[in-house]
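Reading through the structure tokens given below for one structure.
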Amino acid sequence: MRFLLDAEQRAFAASLDALLTAADTPAVVREWSRGDHASGRALWSRLAEAGVFALAVPEAYEGLGPRPVDLAVAFVELGRHAVPGPLVETVTAAVLLTGSDPSTAKRLLPGLASGETVATVTPPGPAGSVPEQPPGPTGTVPEQPPGLAETLPEQPPGPAGTVPEQPPRPTGTLPEQPPGPTETVPEQPPGPATVPEQPPGPAGTLPEQPPGPATTLPEQPPEPTEAVPAQPPVGTRAPGLPQGPYALDGDAATLRLSWEPDGVRLSPGHGPARASLDPARRLTPLTPGGELLAAPSHAALSWARLATAAQALGVGLALLDRTADHVKRRHQFGVPVGSFQAVKHRLADAKIALEFARPLVFGAALTLDPADIAAAKVTACEAAYTTALTALRLHGAIGYTAEFDLSLWLTKARALRTAWGTPEECRALVVSAGDLRW
Amino acid sequence: MDLAFSPADEAFRTEVRAWLHAHVPREPLPSLETEEGFAAHRAWEAELAADRWSVVDWPSEYGGRDAGLVHWLLFEEEYYAAGAPGRVGQNGIHLLAPTLFAHGTEEQRARVLPPMACGEVVWAQAWSEPEAGSDLASLRARAVRVDGGWRLSGQKTWSSRAAFADRAFGLFRSDPDAPKPHQGLTYLMFGLRDPGVTVRPIARLDGRPAFAELFLDEVFVPDEDVIGAPGQGWRIAMSTAGNERGLMLRSPGRFLASARRLAGLWRERGGPVTARDRVADALIGARAYQLFTYAAASRFLDGEAVGPESSLNKVFWSELDLALHETALDLLGPEGELAGTDWADRYVFALAGPLYAGTNEIQRDIIAERLLGLPKGRR
């Protein structure tokens with residue numbers, strides 16, 4: 001047992017930190033938020049050259065992976081610098097495609113590793129349709145983290161019938177609805193009956209909504225235009241396009257994977273981008289259908305959660321650093337506000353939350369145990385969000401402005417909290433599977 | 001970076017588990033905070049010590065096994081997983097013994113440690129005073145130089161275990177003219193039944209005498225019971241507060257075992273989803289504390305000092321422990337208020353966690369000032 005990053009891993013983190021500091025990442029975030037992806041793509045290429053995406057791609061497909069601990073190291077730095085783009089989704093795509101047939105993998109994976117391809121993926125659907133992960137194969141922490149191929153489901157990619165534990169999406173029950181600003185309930189199939197303890201969620205309210213005829217689909221779907229000014233919808237919009245789930249930055253991605261109950265498909269297009277509370281995140285529905293590429297994969301979901309957890313940890317660490325600096329400099333009543341105990345104790349609590357999330361993230365990267373990963377996801381995201389609220393409070397009104405760079409991290413902390421597994425889903429997974437091997 | 005234990009580690013774990021399986025009492029011992037329970041726990045210490053399991057990390061010459069930090073962690077995990085009794089000797093083992101290893105004489109170690117290891121002498125601490133709590137350096141109990149030793153006078157309070165313990169250690173003001181409050185203090189050991197010592201037990205919230213106040217009237221302490229140099233007491237007391245044993249005053253094994261018990265209670269009793277989330281948080285918190293401690297142990301074994309980050313630790317485990325036991329009582333419903341149950345006893349104990357060993361508010365000050373670099377201010 002030696003639960004410490006080695007010198008090489010620390011140097012990797014330091015090199016990414018230097019790269020992202022020199023790249024003026026906040027300016028890149030601002031451009032990305034306006035739908036101008038050029039500087040973001042350039043940064044993406046540099047991150048790919050540094051090996052970030054290759055860590056999730058097996059060596060057989062021109063990658064360096066799977067190396068989950070190194071990936072977590074990288075994602076902490078990406079979060080620390082608020083790097084925009086479908087970072088988690090590209091990693092998730094790599095894991096999904098690793099489970100596809102070798103010719104598909106050979107066709108698509110090298111581009112992910114090299115940074116030529118920016119991928120996005122829709123999450124696997126509503127809360128209830130995330131399959132419960134059975135306990136690990138032996139019930140003990142494996143000495144060697146399982147490689148990608150070992151953690152992927154046995155079944156080869158194929159038609160819907162080959163994934164029996166995933167109930168087919170009850171498409172027949174879903175009304176086709178035009179996207180509209182008043183409809184805040186994303187279209188979700190009812191959760192499967194195999195998760196009875198799940199309380200009725202938003203899905204339960206769906207049948208009450210009258211089916212809207214497809215002909216009411218407006219030519220130009222309404223958008224929250226004040227949030228995305230002058231950004232026209234990009235790409236194709238198929239009639240009856242579902243409103244959700246959303247893929248991150250489908251308008252910037254060059255490979256769009258739609259995670260559907262029968263498998264992961266190469267989406268032929270995407271719907272209009274909708275603004276996120278994090279302006280750097282643009283949410284796009286993907287057009288369903290398209291070439292079936294891979295089976296749904298527990299491993300891919302785990303890697304998505306792990307990468308999100310590491311990214312959130314980095315977001316929280318950046319918020320803490322910036323806020324500690326601020327309260328040392330900001331004077332009121334003739335002294336730095338950081339000398340007041342009320343201020344100190346809020347920051348101390350943020351520090352505690354982040355420092356106890358950190359070992360969960362790296363522990364999860366080592367074991368790849370779904371319960372460890374869920375624990376890391378919920379804890380890192382909650383720590384980052386708690387830190388965001390503290391950062392906002394201690395900065396005062398300047399922290400509430402879009403102009404001040406703190407906002408880049410504040411809003412991301414909120415968005416990551418529900419991305420790739422809500423707090424409740426993660427906690428449910430821990431209670432159902434988690435306590436025996438800890 | 002790895003979390004795998006070596007075959008030697010696993011063999012040690014297996015040996016610990018087997019011994020505990022054969023020896024842990026089938027029925028829980030009576031409460032440690034009663035005369036009967038104290039005696040039963042003292043006897044358990046002797047049983048542990050007979051097979052050299054009471055202080056595994058100590059050198060063998062004092063009754064230990066020379067076990068490293070990793071084996072100590074594994075021992076603790078197995079100990080609490082087995083439901084073994086609370087440790088009546090822990091004040092001495094975790095606070096006094098490290099001080100003796102760092103600052104005591106060979107003679108003191110040979111005289112004090114073996115009886116501590118087997119529970120023959122149980123130690124209480126004598127830090128706080130009625131007017132010196134968080135501001136410990138303002139303490140006023142005196143040590144006056146006399147021929148061959150010192151005479152102690154004054155009052156100490158909140159002395160855990162002192163109601164039934166044998167001896168105590170603490171700080172006394174030996175130089176009232178020293179320019180700063182934390183100068184002129186001396187670290188001494190004395191007997192709780194020595195002439196001039198009056199022990200008045202204090203009932204904690206549930207009425208049990210878990211601590212006591214001590215009245216000292218010209219109590220003679222020979223020079224051989226002074227630890228380190230006179231006047232250096234503050235430095236000596238603080239030097240072991242942040243070391244590896246300070247970091248491990250509460251081992252992760254304790255909280256992992258409690259969280260598993262809570263999960264068992266949840267499965268048995270059920271409850272609303274909000275309660276399930278709190279059970280999840282207890283499990284996650286215990287796992288986080290385990291991994292945090294593994295990381296700290298790894299850094300320590302790499303030669304890094306463990307300093308103010310032990311304050312992170314203290315706030316975390318004490319608040320985890322309290323939340324965990326609050327959840328348990330809530331799951332028990334109306335039965336949660338019954339006194340004398342195992343869960344209620346553990347809850348009352350957990351209530352004290354944020355208070356002792358430096359309140360959590362003082363720890364947060366330390367975190368803000370020493371880890372985040374915020375300026376000192378008035379407390």
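Source: prediction; values computed, not measured. All chains are named by letter (A, B, ...) in the order of the sequence lines, taking the proteins before the strands, and each is independently numbered beginning at 1.
Annotation: cation-pi geometry satisfied between B/Arg87 and B/Tyr79 (NZ/CZ under 6.0 angstrom from ring centroid, within 45° of ring axis).
Residue B/Glu319: no heavy atom, backbone or side chain, is found under 4.5 Å from chain A. A/Val335 does not touch chain B: none of its heavy atoms, backbone or side chain, sits under 4.5 Å away.
Using cut-offs of 30° and 60° on the angle between ring planes, the pair B/Trp317 and B/Tyr356 is tilted.
A salt bridge is absent between A/Glu424 and A/Arg427: the closest approach of a Lys/Arg side-chain nitrogen to an acidic carboxylate oxygen does not fall below 4.0 angstrom. Using a cut-off of 4.0 Å between Lys/Arg side-chain N and Asp/Glu carboxylate O, B/Glu326 and B/Arg278 are scored as not salt-bridged. The pair B/Asp321-B/Arg250 fails the salt-bridge criterion, with no side-chain N (NZ, NE, NH1 or NH2) lying under 4.0 Å from an Asp/Glu carboxylate O. Under 4.0 Å is where a charged nitrogen must lie from a carboxylate oxygen, and between A/Lys344 and B/Asp365 no such pair does.
Chosen from B/Asp302, B/Val70, B/Leu371, the residue pairing most often with chain A at heavy-atom distances under 4.5 Å is B/Asp302. Ranked by heavy-atom pairs under 4.5 Å with chain A, the list B/Leu374, B/Ile367, B/Leu301 is led by B/Leu374. Put simply, of A/Val69, A/Thr379, A/Asp349, the one with the most heavy-atom pairs under 4.5 Å next to chain B is A/Asp349. Looking only at heavy-atom pairs under 4.5 Å with chain A, the residue among B/Asn360, B/Asp9, B/Asp281 that has the most is B/Asp281. By number of non-hydrogen pairs under 4.5 angstrom with chain B, the leading residue of A/Ala357, A/Gly338, A/Ala324 is A/Gly338.
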